[in-house]
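The next block holds one structure in the form of structure tokens; read it before the comments.
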Amino acid sequence: MLDSQWLRADIDDIAQRLTVRGFELDIAAFRDLEGRRKVLQTDTESLQSERNRCAKEIGQAKARGDDAAEVMAQAASINDRLKAVESELATVQIALTEFISGIPNIPHHSVPTGRNETDNVEIRRWGESTEFAFPPKDHVDLGAELGMLDFEMAVKLSGSRFVVMYGDLVRLHRALIHFMIDLHTREHGYREIYVPYLVNADSLFGTGQLPKFADDQFVFPGEPPLYLVPTAEVPVTNIARDRILTADELPQKMVCHTPCFRREAGSYGKDTRGMIRQHQFEKVELVHLVEPAQSWNALEELTGHAEAVLQRLELPYRVVVLCSGDIGFSAAKTYDIEVWLPGQDGYREISSCSNFEAFQARRMRARWRNPASRKTEFLHTLNGSGLAIGRTLVAVLENYQQADGSIAIPAALRSYMGGTDMIVGANRS
RNA sequence: GGAGAGGUGGCUGAGUGGUCGAAAGCGGCGGUCUUGAAAACCGUUGAAGGGAAACCUUCCGGGGGUUCGAAUCCCUCCCUCUCCGCCA
């Protein structure tokens, strides 16, 4: 959510800066709502003031034993007018909030202008794309031949976009989770956190998934309705909701493993093969809560922490900065880390690291007390995958495949695999 | 699931219809004292919105109602705690 005072002051400038996202800000609609809000609010407040004055007078008159009938009549007529104005103001304010919370974040100056993902800009590469002395397979074939990856069983149990895994592959999947959490807690200074997998609507509003992306969420109707977390970002960031943190509580760097649940509405026919796009997947998430002056440094740091995972796993990757047209609703800037997938003969997103500046914090009223100004200010929030587990598993399978279809275990994972250095097919062992 | 008690400022906690945005304590900030710190003492200290400012308005879990006037009374929802039951 953008600052409403800023919108009032600089709406033309803001509208201009949003055009690079392909977002057209309806200036006239805002001016109309804002104009009405101002008049109604002023009227309401002056009527409230009069009412308070009358009430006080009545109280004092009664205390003296005087007759207050005249003032009471006056108060009644004020109240009639007040009721009408108040309800009109409430309507306008709801419309205004809805309008403002539907405006995406302003891209940072350093974000390249572009229309879609083809305009994203590669900023660095690590490693060379893996070479094979044989035609490499993709993870679906590899997993099936190992007898450890079963999409048909998942369809029977649940439907499309789920997976069933068996044996050493599950262990590898679990090893990835432990390896990543250990790396971030032991070497990158993160605190591990465990959170609910079902969250309320306020939490989803806070991080920006609601109201605009309601169709992407799995919801349990009820009072109140609960939503399956689409990412740990939601519960972890909302820890700061409605709080005023002190300077010594910042920065907070948290790492959290959760399953993630996404409807993937609107992605029919996209990535239907394999584990790339699932309704349920695991992710190790990194979240930073920082004072505003630190957030741009924090974005570089956080991205580096996600990259470190791939470096330790010796998986080739590149980092791209998302262009203005491809950046998410709430983000001011996003780096995508894309891992090399031989099965797709290309790079594929495995982490998305973003600085939201105060956009989420304003939605969730997450503040800190700035010792310099002694005022409360919104803090800045960031997050990034560190990393998506399912896609990392895919990357290990495809990059570490051997000619006979077995999978070598990256050195960094062997201690998490009981010393095993190879996954061989169930049929062969 | 049954019974009961509660939800008040950064925290603890008083406050059952009229200067209550709210006592007190803790914490924070400023000061006195001190070589420095601690202790003690004095002062100060909620958030949000509007306004150039004076100042005004709103907020005591959420929503609704009663009243000239609600933290306080009524309705409803949510949440927390205690006991019992059930249970991974």
Side-chain angles (χ1 to χ4, degrees), chain A residues 1-9 30-31 33-101 194-206 210 219-227 235 238-250 252 289 291 358 361-379:
Chain A
M1 197 154 71
L2 300 180
D3 181 5
S4 58
Q5 295 188 24
W6 186 29
L7 273 165
R8 266 172 242 152
F30 178 77
R31 289 222 168 104
L33 282 168
E34 177 52 28
R36 282 154 64 200
R37 191 226 99 229
K38 191 163 184 167
V39 173
L40 289 166
Q41 184 167 336
T42 317
D43 288 357
T44 302
E45 288 182 3
S46 64
L47 284 168
Q48 282 169 334
S49 177
E50 280 185 60
R51 179 205 57 196
N52 292 345
R53 186 181 48 78
C54 286
K56 208 165 276 185
E57 248 179 74
I58 291 164
Q60 285 164 355
K62 289 204 166 173
R64 285 193 305 266
D66 292 354
D67 176 40
E70 199 176 312
V71 195
M72 285 175 79
Q74 203 185 329
S77 96
I78 290 168
N79 268 343
D80 286 345
R81 279 185 287 157
L82 182 58
K83 269 202 173 121
V85 184
E86 266 179 342
S87 77
E88 213 179 321
L89 176 64
T91 310
V92 169
Q93 244 150 9
I94 288 165
L96 202 53
T97 304
E98 211 167 282
F99 182 91
I100 294 172
S101 50
Y194 175 88
V195 291
Y197 302 158
L198 288 164
V199 294
N200 58 31
D202 283 347
S203 294
L204 282 162
F205 179 85
L210 287 183
V219 58
F220 292 84
E223 191 49 53
L226 288 171
Y227 300 81
N238 273 277
I239 280 173
R241 171 153 53 84
D242 282 316
R243 290 190 64 196
I244 303 173
L245 299 173
T246 54
D248 63 316
E249 291 178 286
L250 299 175
Q252 288 196 24
L289 308 176
E291 55 186 86
R362 191 173 289 110
R363 286 176 156 248
M364 62 177 89
R365 297 164 305 279
R367 291 163 293 174
W368 72 300
R369 202 174 296 280
N370 185 341
S373 65
R374 302 189 53 184
K375 302 253 184 213
T376 59
E377 296 171 6
F378 292 112
L379 42 83

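Numbered from 1 within each chain, the chains take letters A, B, ... in sequence-line order.
Only the C1' atoms considered, B:U45 is 16 Å distant from B:A23, to the nearest whole Å. Using atom P as the reference point in both B:C68 and B:U16, the two lie 23 Å apart (nearest Å).
Contacts between residues 80-92 of chain A and RNA chain B, defined by a heavy-atom separation below 4.0 Å, involve no residue at all.
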Nucleotide N/O of nucleotides 50-56 of chain B paired with protein N/O under 3.5 Å:
residue, atom, partner, partner atom, Å
B:G50, OP1, A:Arg8, NH1, 2.0
B:G50, OP1, A:Arg8, NH2, 3.0
B:G50, OP2, A:Gln5, NE2, 3.0
B:G51, OP1, A:Lys38, NZ, 3.0
B:C56, O3', A:Ser49, OG, 3.4

Under 3.5 Å, which protein N or O atoms sit close to an N or O of nucleotides 43-47 of chain B? Give each pair with its distance.
residue, atom, partner, partner atom, Å
B:A47, OP1, A:Arg369, NH1, 3.1
B:A47, O3', A:Arg367, NH1, 3.0
B:A47, O2', A:Arg367, NH1, 3.2

Protein-nucleic acid N or O pairs under 3.5 Å, nucleotides 69-78 of chain B:
residue, atom, partner, partner atom, Å
B:G69, OP1, A:Asn79, ND2, 3.0

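Partners of A:Arg31 according to the salt bridge (Lys or Arg N to Asp or Glu O under 4.0 Å) rule, which considers only residues two or more places apart in sequence or in another chain, are A:Asp12. A:Gln60 pairs by the side-chain contact (heavy atoms from CB on, under 4.5 Å) definition with A:Lys56, A:Arg64, not counting sequence neighbours. By the side-chain contact (heavy atoms from CB on, under 4.5 Å) test, A:Thr246 pairs with A:Asp248, A:Glu249, sequence neighbours left out. In this structure A:Asp242 satisfies the salt bridge (Lys or Arg N to Asp or Glu O under 4.0 Å) test together with A:Arg365, sequence neighbours excluded. Residues meeting the salt bridge (Lys or Arg N to Asp or Glu O under 4.0 Å) test with A:Glu377, sequence neighbours left out: none. Contacts of A:Ile244 classified as side-chain contact (heavy atoms from CB on, under 4.5 Å), with partners at least two apart in sequence or in another chain: A:Arg367, A:Arg369, A:Thr376.
Applying the side chain to side chain donor-acceptor pair (under 3.5 Å) test to pairs two or more places apart or on separate chains, those with a residue in residues 42-52 of chain A are A:Gln41-A:Glu45, A:Gln48-A:Glu86.
Taking atom CD of residue A:Glu377 and atom C1' of nucleotide B:A48, one finds them 15 Å apart after rounding to whole Å. Distance A:Arg53 CZ to B:C68 C1': 12 Å, rounded to the nearest Å.
Side chains of A:Ser203 and A:Arg241: a donor on one and an acceptor on the other come within 3.5 Å.
Heavy-atom minimum distance, A:Phe205 versus A:Ser101: CZ-CB, 3.8 Å. Nearest heavy-atom pair, A:Pro196 versus A:Pro235, reported as atom, atom and distance to 0.1 Å: O-CG, 3.9 Å. Residues A:Cys54 and A:Ile78 come closest through the heavy atom pair SG-CD1, 3.8 Å.
With the nearest nucleotide of RNA chain B identified for both A:Gln60 and A:Met72, A:Gln60 has the one nearer the 5' end.
Helical stems in RNA chain B, defined as runs of 3 or more consecutive Watson-Crick or G-U wobble pairs with both donor-acceptor distances under 3.5 Å, are listed by first residue as B:1-7 with B:78-84, B:10-12 with B:24-26, B:27-32 with B:40-45, B:46-50 with B:55-59, B:61-65 with B:73-77.
Side-chain atoms of A:Leu245 and A:Gln252, non-hydrogen and from C-beta on, do get closer than 4.5 Å to each other.
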